[in-house]
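For this chain, numbers begin at 1 and follow the sequence in order.
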Amino acid sequence: MTSTGFRRTFVAIGVCSSLALAATACGSGGGGSASGKTRITVNCEPPKSSRTDRKFFDADVASFERQNPDIDVVTHDAFPCEDPKTFDAKLAGGQMEDVFYTYFTDAGHVVDINQAADLTPYLKELKSYGTLQKQLRDIYTVNGKVYGIPRTGYSMGLIYNRALFQRAGLDPDQPPTTWDEVRADAKKIAALGDGTVGYADYSAQNQGGWHFTAEMYSQGGDVVSADGKKAAVDTPAGHAVLENLHDMRWNDNSMGSKQLLVINDAQQMMGAGKLGMYLAAPDNIPILVKEKGASYDDIAIGPMPGGQGTLIGGDGYMFNKHDSPAQIRAGLKWLEHMYLTPGKGFLGDYARAKRNNAPVGLPEPRLFTGAADAEDQKIKKANANVPVQNYRSFLDGNAKLKMKIEPPDAQQIYSVLDGTVSAVLTKKDADIDGLLKDASGKIDSILARS
């Protein structure tokens, strides 16, 4: 799954829509030359409806073209940045942009179907490449060759309501770090009554499977084997996840009676002050404040409970296999200008974001390392306008966790696991052994077809 929203104001960013698939302007530049310039098409320009984001993005592109008068950048927008329903069709039909947005989980697939340019020979020209987090660079490295450049990342944590923690007699500066503590704290919060829910979890629209996977990672488990060929859910970790959810739902009554929830349900409850905790990425925080009625002072985030691992996701850019060397070089320059310079560009200009009342200081996973990271963090800290102390435990805890991306065939697997999680949360006598055995068989079938 993707995280909801983007850093600061970036909530709705897009690519060429399915309606534009037949239009040649949506695809690769076909030679990449325009009036003697190197021409590149790029996607994920914010739509016109996101006025501030669009203004920032277009200004940054214009700045890039002024600094590089030999390069012509043609931007494409729509919603979302990548539509899974049309992504493969655009690739297969030759309609993909020269420089195109991808989720982390796309990298291996795009390479497998031979639709990505090999960037390895050009990396020496990307000054910032060595400053990027290795675990993020590795996502786009296949068989020793580099096929993409990471842009942003997210990791899951435990969002919680500080005000409810205080009312329940809990320390808001010490969020739970184990699932036993989550269960105990959720029970105390639910005891406040008046429809208050201690802990909420998703179980519909593939989001239940997404969270099941994150909860497996948190306990050192996985949903597929290391070689990606067999299911790994029918394990002690899988049983522990479901048994904990069952006990909170049916024994403690700390999860409320309404189930089959999705992310918007949890956000609505949290924004209304009726939910103590739920799993999410930090980019949920501005959504809770701007759209759901919460305040920055009340919303905090801690690390994934369990202490073993956390699910990470994110995005980056890959290059069309038809790109010329000049287009690849131009695209790399564009990425460096837009996203890969500390404290600058579309996602990194913290001073500009602050001037426009966008949140600065949310605990996004760090893109850079070393001196570049120090510079980025210095500028970010100087412009912070949210209560950064509310995120300290998340940042400190994350440093100790294993970061794991989503499994292969994630959406199909999540669909299977939705049924597993929803059964436990809606049927008091759910057969956990049988549910995991059934899910395991279905996942094996999905992996066998891959």
Side-chain angles (χ1 to χ4, degrees), residues 1-6 10-30 32 39-50 53-54 57 61 73-117 139-140 142 147-152 154 204-207 209-210 262-264 313-323 327 331 334-335 338-339 405-415 418 446 449-450:
M1 300 294 291
T2 59
S3 187
T4 56
F6 288 86
F10 313 111
V11 177
I13 303 180
V15 300
C16 289
S17 70
S18 58
L19 295 177
L21 283 177
T24 57
C26 192
S28 183
R39 177 178 179 270
I40 57 171
T41 55
V42 303
N43 61 16
C44 209
E45 178 187 27
K48 292 180 180 179
S49 58
S50 298
D53 299 347
R54 177 78 167 225
F57 190 95
V61 170
V73 180
V74 179
T75 57
H76 295 155
D77 77 331
F79 182 82
C81 278
E82 177 192 322
D83 185 349
K85 296 177 182 178
T86 61
F87 182 73
D88 278 357
K90 285 184 65 176
L91 284 171
Q95 300 297 328
M96 190 60 79
E97 286 80 7
D98 300 314
V99 185
F100 59 96
Y101 173 98
T102 57
Y103 302 134
F104 283 170
T105 48
D106 293 321
H109 171 66
V110 177
V111 174
D112 286 345
I113 61 176
N114 192 32
Q115 294 294 329
I139 289 168
Y140 287 102
V142 181
Y147 292 94
I149 308 298
R151 183 191 78 150
T152 65
Y154 75 86
Q205 298 181 13
N206 289 14
Q207 296 175 22
W210 177 35
V262 295
I263 190 169
N264 185 62
D315 56 56
Y317 278 89
M318 300 180 77
F319 288 61
N320 196 300
K321 71 172 183 179
H322 298 297
D323 288 357
Q327 287 177 303
W334 179 75
L335 287 176
M338 293 292 289
Y339 303 113
I405 65 170
E406 296 174 271
D409 300 300
Q411 295 306 316
Q412 294 182 65
I413 290 174
Y414 293 165
S415 179
D418 256 11
I446 291 169
R449 295 193 298 268
S450 298

Checklist outcome for this item: For Y147 and A117 the tightest heavy-atom approach is CD2-O, 3.4 Å

Next on the checklist: A side-chain contact here means heavy atoms from C-beta on lying under 4.5 Å apart; do V111 and M318 qualify?
Outcome noted: yes

Checklist entry - Any side-chain heavy atom of D83 within less than 4.5 Å of one from K90? => result no

Item to check | Minimal non-hydrogen separation, C44 against Y101, with atom names | outcome: SG-CD1, 3.6 Å

Checklist entry - With sequence neighbours left out, what residues match F319 under ring-ring contact (aromatic ring centres under 6.0 Å, His included)? => result none

Checklist outcome for this item: Tightest non-hydrogen contact, residues F100 and E97, listed as CD2-O, 3.5 Å

Item to check | Note, N43 side chain near Y317 side chain (heavy atom, < 4.5 Å) | outcome: yes

Next on the checklist: On a heavy-atom basis, which atom in K48 and which in D77 lie closest, and how many Å separate them?
Outcome noted: N-OD2, 3.7 Å

Checklist entry - Who passes side-chain contact (heavy atoms from CB on, under 4.5 Å) against N264, sequence neighbours left out? => result Q267, Q268, K292

Checklist entry - What distance do T41 atom OG1 and H76 atom NE2 have between them, rounded to the nearest 0.5 Å? => result 5.5 Å

Checklist outcome for this item: Residues passing the side-chain contact (heavy atoms from CB on, under 4.5 Å) test with D106, sequence neighbours excluded, are E82, F87, T102, Y103, V110

Checklist entry - How long is the span from the OG1 atom in T152 to the CG atom in D315, to the nearest 0.5 Å? => result 3.0 Å

Item to check | Smallest separation among heavy atoms of P150 and F104, with atom names | outcome: CB-CE2, 4.3 Å

Checklist entry - Under 3.5 Å, side chain of Q207 to main-chain N/O of I263, donor-acceptor pair present? => result yes

Next on the checklist: So, taking the atom named CD1 in I139 and the one named CD1 in I149, what distance separates them when rounded to the nearest 0.5 Å?
Outcome noted: 12.5 Å

Checklist entry - Rounded to the nearest 0.5 Å, what separation is found between the CG atom of D88 and the CE atom of M96? => result 8.0 Å

Next on the checklist: For G331, is there any backbone N or O sitting under 3.5 Å from a side-chain donor or acceptor partner on D98?
Outcome noted: no

Checklist entry - Do you know the tightest heavy-atom contact between Q327 and D323? => result OE1-CA, 3.4 Å

Next on the checklist: Applying side-chain contact (heavy atoms from CB on, under 4.5 Å), can you list everything that pairs with T75, at least two apart in sequence or on another chain?
Outcome noted: V42, E45, F57, V61, V73

Next on the checklist: Please enumerate all residues that pass side-chain contact (heavy atoms from CB on, under 4.5 Å) together with Q412, with sequence neighbours excluded.
Outcome noted: D409, I446, R449

